[in-house]
Trainee: 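Before I ask anything, let me first share the structure, which is written out below as structure tokens.
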Amino acid sequence: MAQINVIGSRGGRSIDLELPEVNPHVLHEVVTWQLAGRRRGTASTKTRAEVSKTGKKMYSQKGTGNARHGDRSVPTFVGGGVAFGPKPRSYAYTLPRKVRQLGLAMALADRQNTGRLVAVDGFDLDGKTKSFVAWAAQNGLDGSERVLIVTDDEMTRRAARNVAWATVLPVAGLNVYDILRHERLVIDAVALEPAQDEVMSEEAAQ
């Protein structure tokens with residue numbers, strides 16, 4: 001049972017959260033699934049039927065001493081079509097919901113185990129970048145680490161969005177990949193409450 005201390009204007013308490021043991025294989029599976037869904041899949045090549053070449057037979061079938069050929073659009077010629085080349089496709093695939101939920105819990109556990117998970121209840125910021133930088137400095141965030149800010153507080157998101165070392169997401173957008181690619185996670189305390197488990201489990205599908 002992990003005990004997470006809550007800071008902020010309404011902090012001063014702790015959250016008891018049941019977090020699993022971190023399994024790198026599960027995290028790898030979830031991140032791979034997540035990035036596969038983000039791939040555009042727009043690579044495309046032309047087949048021999050699509051290249052702009054004449055369909056006229058190159059030369060007589062017999063008598064030239066050369067190999068038999070039809071038109072110049074075949075893949076063996078420069079400028080011809082591509083055999084088995086890429087075509088637009090979706091790289092997305094299905095990952096079991098329980099695996100997605102487990103991966104998110106493990107990502108949180110990893111940040112908690114290394115002391116890089118910060119739960120906040122009440123940022124009380126005015127939407128200004130200067131106020132966020134001051135708040136961050138007071139709480140040990142000096143810009144030496146990349147920080148993921150996960151909050152539904154509009155003023156906080158507005159204040160942090162122009163800070164180079166911070167990435168801002170709403171609670172519904174929390175995901176394994178973004179957690180792992182940032183050194184520190186700052187999250188709304190309400191998102192870690194037991195009543196929010198279902199909300200957090202659904203985010204990985206996005």
Trainee: Honestly curious: do Val133 and Leu125 fall in one hydrophobic cluster under the side-chain, below-4.5 Å linking rule?
Mentor: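 Per the 4.5 Å side-chain linkage, Val133 and Leu125 are co-clustered.
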Trainee: Does NZ belonging to Lys128 count more than 12 external heavy atoms closer than 6.0 Å?
Mentor: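 Incorrect, the count does not exceed 12.
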Trainee: Has Arg181 got more than 12 heavy atoms of other residues, nucleotides or ligands less than 6.0 Å from its CZ?
Mentor: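 Above 12, so yes.
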Trainee: Side-chain heavy atoms nearer than 4.5 Å, only ILVMFWY residues, links allowed to pass through others: does that put Met155 and Leu141 together?
Mentor: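 The answer is no; the residues belong to distinct hydrophobic clusters.
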Trainee: Tell me whether the rings of Trp135 and Phe123 are parallel (<30°), tilted (30 to 60°) or perpendicular (>60°).
Mentor: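 Trp135 vs Phe123 ring planes: tilted.
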Trainee: Could you measure the distance from the CG atom of Asn5 to the CD atom of Gln3? Nearest 0.5 Å is fine.
Mentor: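 CD of Gln3 is found 6.0 Å from CG of Asn5.
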Trainee: Can you tell whether the side chains of Arg111 and Glu145 come within less than 4.0 Å, N to carboxylate O?
Mentor: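 So Arg111 does not pair with Glu145 through a salt bridge.
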Trainee: Looking at Glu21, I want to see if its CD is surrounded by more than 12 non-hydrogen atoms of other residues, nucleotides or ligands under 6.0 Å.
Mentor: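 Not more than 12 within 6.0 Å, no.
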Trainee: Crowded around Arg184 CZ? As in, over 12 foreign heavy atoms under 6.0 Å?
Mentor: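 More than 12 heavy atoms, drawn from other residues, nucleotides or ligands, come within 6.0 Å of this atom.
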Trainee: For the CG atom of Leu95 and the OG1 atom of Thr32, what is their distance to the nearest 0.5 Å?
Mentor: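 So the gap between those two atoms works out to 9.5 Å.
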Trainee: Measuring from atom CZ of Arg158 to atom OG1 of Thr129, what distance do you get when rounded to the nearest 0.5 angstrom?
Mentor: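 Answer for the CZ-OG1 pair, Arg158 versus Thr129, is 10.5 Å.
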Trainee: Output the distance between atom CG (Asp178) and atom CZ (Arg146), rounded to the nearest 0.5 Å.
Mentor: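 Going from CG on Asp178 over to CZ on Arg146, the span is 10.5 Å.
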